[in-house]
Each structure stands twice: as structure tokens, then as C-alpha cells.
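Okay, structure first, notes after.
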Amino acid sequence: MKNLTLKVATVLLVFGLAGCSSSSEDDLEVVPDKSAQALLTDAREALDVGLYQKAIQILSAVDSRFPFGPVSHQVQLDLLFAYYKSGDADQGIALADRFIRLNPDNQNLDYVYYMRGLINLSTEENLFQDLVGIDRSDRDPTAARDAFADFKTVVSRYPDSKYANDSRKRMMDIKSRLAKYELAVAKFYMKRDAWASAANRGKYIVRYYSPSPEVEEALEIMVKCYEEMELEDLRTNTLRVLAANYPNNSLVN
């Protein structure tokens, strides 16, 4: 209980600090009349010290004043980063979508897909629930699937990209998250004796999320469901797969 109280207090402190940080940027100055390059420099200085709202204001002004200038693409890339760091997922995804649509051959598309993946992934995060240890495996996985697709694009289309390795790692983490969601749905069906639906969820995990730590439990669910449905051949075959991959599992010993 003390640990939970401490974690909640930590959350409140974090939120409090965040509120103080944002309030310092409330009175943003009007963007001065400078060249696009000078304003870009100002924006990057703001980014370097964590003044993301100020950077967004400057970059948005540059994007509006010089939409076809020589730094227009770089401005949008920096603005994408600023939206991500400020937690403005809607604006960030909208900007990434627009950039991809209007610049299909841009040399920085790997970065745009990568950043869109990070932004999608950020909408999955919930600081309060993470800190207090709440199981969130039954949440809507749409954002996780979108992030997975973005990282997969980086890996498949741009295998030599400097963002490819991190994208692969993030795909593995997301794969486990999505598998957990399918497990939660399968258990929901099992509680309602919907054995066929539960078995299909288990099969889906084995087919699409291997390798992942959740595959073993998915096979266990399939064995149980086939037993309940008296499908002995399917149960036996699933047990063989379970034994071959997890020889120490209690169902095969």
C-alpha cells in the first residue's frame, strides 16, 4: 500500500511539474519578422532547451510564411519532432500524413514513418497506469497496430536506415502487446464457454505473433478449447506443437 501511495504521489508530482513547465510558455511572443533560416535557427534553439510550444509556434509561422522555400521540408520535419515531444499526437499524425502524401520520393521518408510510429506509440502510453501497475492488455490496440505498421515500413522499405534497428526492436515490443490483447480476448471467450472463438484467438497469436512470450499460453488455450469441443485430433496436434517448442510445459509432462 505504501508503494502504491508513493507511486501515486510521484504521478501527481510529475503532473504538477508538467503544469509548471507549460505555464512558462503560455505568454509566447509574436514570431518576429526574420528570414526563414533565422527563424529555423530560433526554433531549434527552443527545441534544444525543451521549449516545444515555442518551437511549434515559430516553425508553424515559417511553414505558413515560406511554404515553398528551401527550408520548407526541414521545417516540417522539425515541426513533426516538436509535436511528438509536446504530446500533440493529432497534429503530429496529421502532419506526417500530409508530408508522406505530398512528398512520396523525399529522402527523409524513413524518418517521417519512424516518427509517426513513435507518435502512434505515444498514444498507447499512460503514465498513471504504468506506475501503479494496472494491467492494460485489454485496451483497444488500434494505435499499437498503426505504430507496428509504421515501423514495419521503415524496416521493409528502408532496411539501411539509421532508424531500422530501433524500429525492429519496437516491433518486437508491440508484437507482445498485441498478443497480450488477443490473449485477453481469448480468456473473455473462455469465461463464456465460447470455445471456438477462444481457440481461433489462440491460433491467431501462434500464426501472426510468433515468436513472442505469449505463444505458449496461446497453445495452452487451444489445447483446452479443443478438449472442451471434443476435437481430439486438433488437441493432439496442438499438444505436439506445444511439446516441440515448450518441452517443460506442464501440459506435456
Side chains of [X] and [Y] in contact at under 4.5 Å (non-hydrogen atoms):
| X | Y | answer |
| --- | --- | --- |
| Asp150 | Tyr114 | no |
| Leu39 | Asp42 | yes |
| Lys175 | Pro211 | yes |
| Glu232 | Thr236 | yes |
| Leu234 | Val223 | no |
| Val154 | Tyr111 | no |
| Tyr208 | Leu178 | no |
| Val155 | Lys152 | no |

Problem set entry | Sequence neighbours excluded, every pair satisfying side chain to side chain donor-acceptor pair (under 3.5 Å) that has a member inside residues 189-204 | Glu182-Arg201
For this session: Kindly check if the number of other-residue, nucleotide or ligand heavy atoms within 6.0 Å of CD (Gln107) is above 12?
Result: no
At their closest point, which heavy atom of [X] faces which heavy atom of [Y], and how far apart are they?
| X | Y | value |
| --- | --- | --- |
| Leu219 | Tyr246 | CD1-CE1, 3.9 Å |
| Glu216 | Leu242 | O-CD1, 4.0 Å |
| Ser210 | Val215 | OG-CG2, 3.4 Å |
| Leu59 | Leu40 | CD2-CD1, 3.9 Å |
| Met222 | Gly202 | SD-C, 3.7 Å |
| Pro159 | Ala164 | O-CB, 3.6 Å |

What side-chain donor-acceptor pairs closer than 3.5 Å can you find for residues 62-72, not counting sequence neighbours?
| residue | atom | partner | partner atom | Å |
| --- | --- | --- | --- | --- |
| Asp63 | OD2 | Arg98 | NH2 | 3.3 |
| Arg65 | NH1 | Pro32 | O | 2.9 |
| Arg65 | NH2 | Val31 | O | 3.1 |
| Ser72 | OG | Gly69 | O | 3.0 |

For this session: Please determine, by modelled atom types, if Asn108 and His73 share a side-chain donor-acceptor pair under 3.5 angstrom.
Result: no
Exercise. Got a salt bridge between Lys224 and Glu220, using NZ or NE/NH1/NH2 to carboxylate O under 4.0 Å?
Worked result: no
Exercise. Charged N to carboxylate O below 4.0 Å: is that the case for Asp97 and Arg116?
Worked result: yes
Problem set entry | Verdict with supporting geometry, Arg235 and Leu231, side-chain contact (heavy atoms from CB on, under 4.5 Å) | CA-CA 6 Å; Arg235 178 182 178 278; Leu231 299 174; over 6 Å; no
Output side-chain donor-acceptor pairs under 3.5 Å for residues 79-88, partner residues at least two apart or in another chain, one line each.
| residue | atom | partner | partner atom | Å |
| --- | --- | --- | --- | --- |
| Ser86 | OG | Ala82 | O | 3.1 |
| Ser86 | OG | Tyr83 | O | 3.1 |
| Asp88 | OD1 | Gln91 | N | 3.3 |

Exercise. Would a distance-only check, ignoring hydrogens and angles, find a side-chain to backbone donor-acceptor pair under 3.5 Å from Ser176 to Met172?
Worked result: no
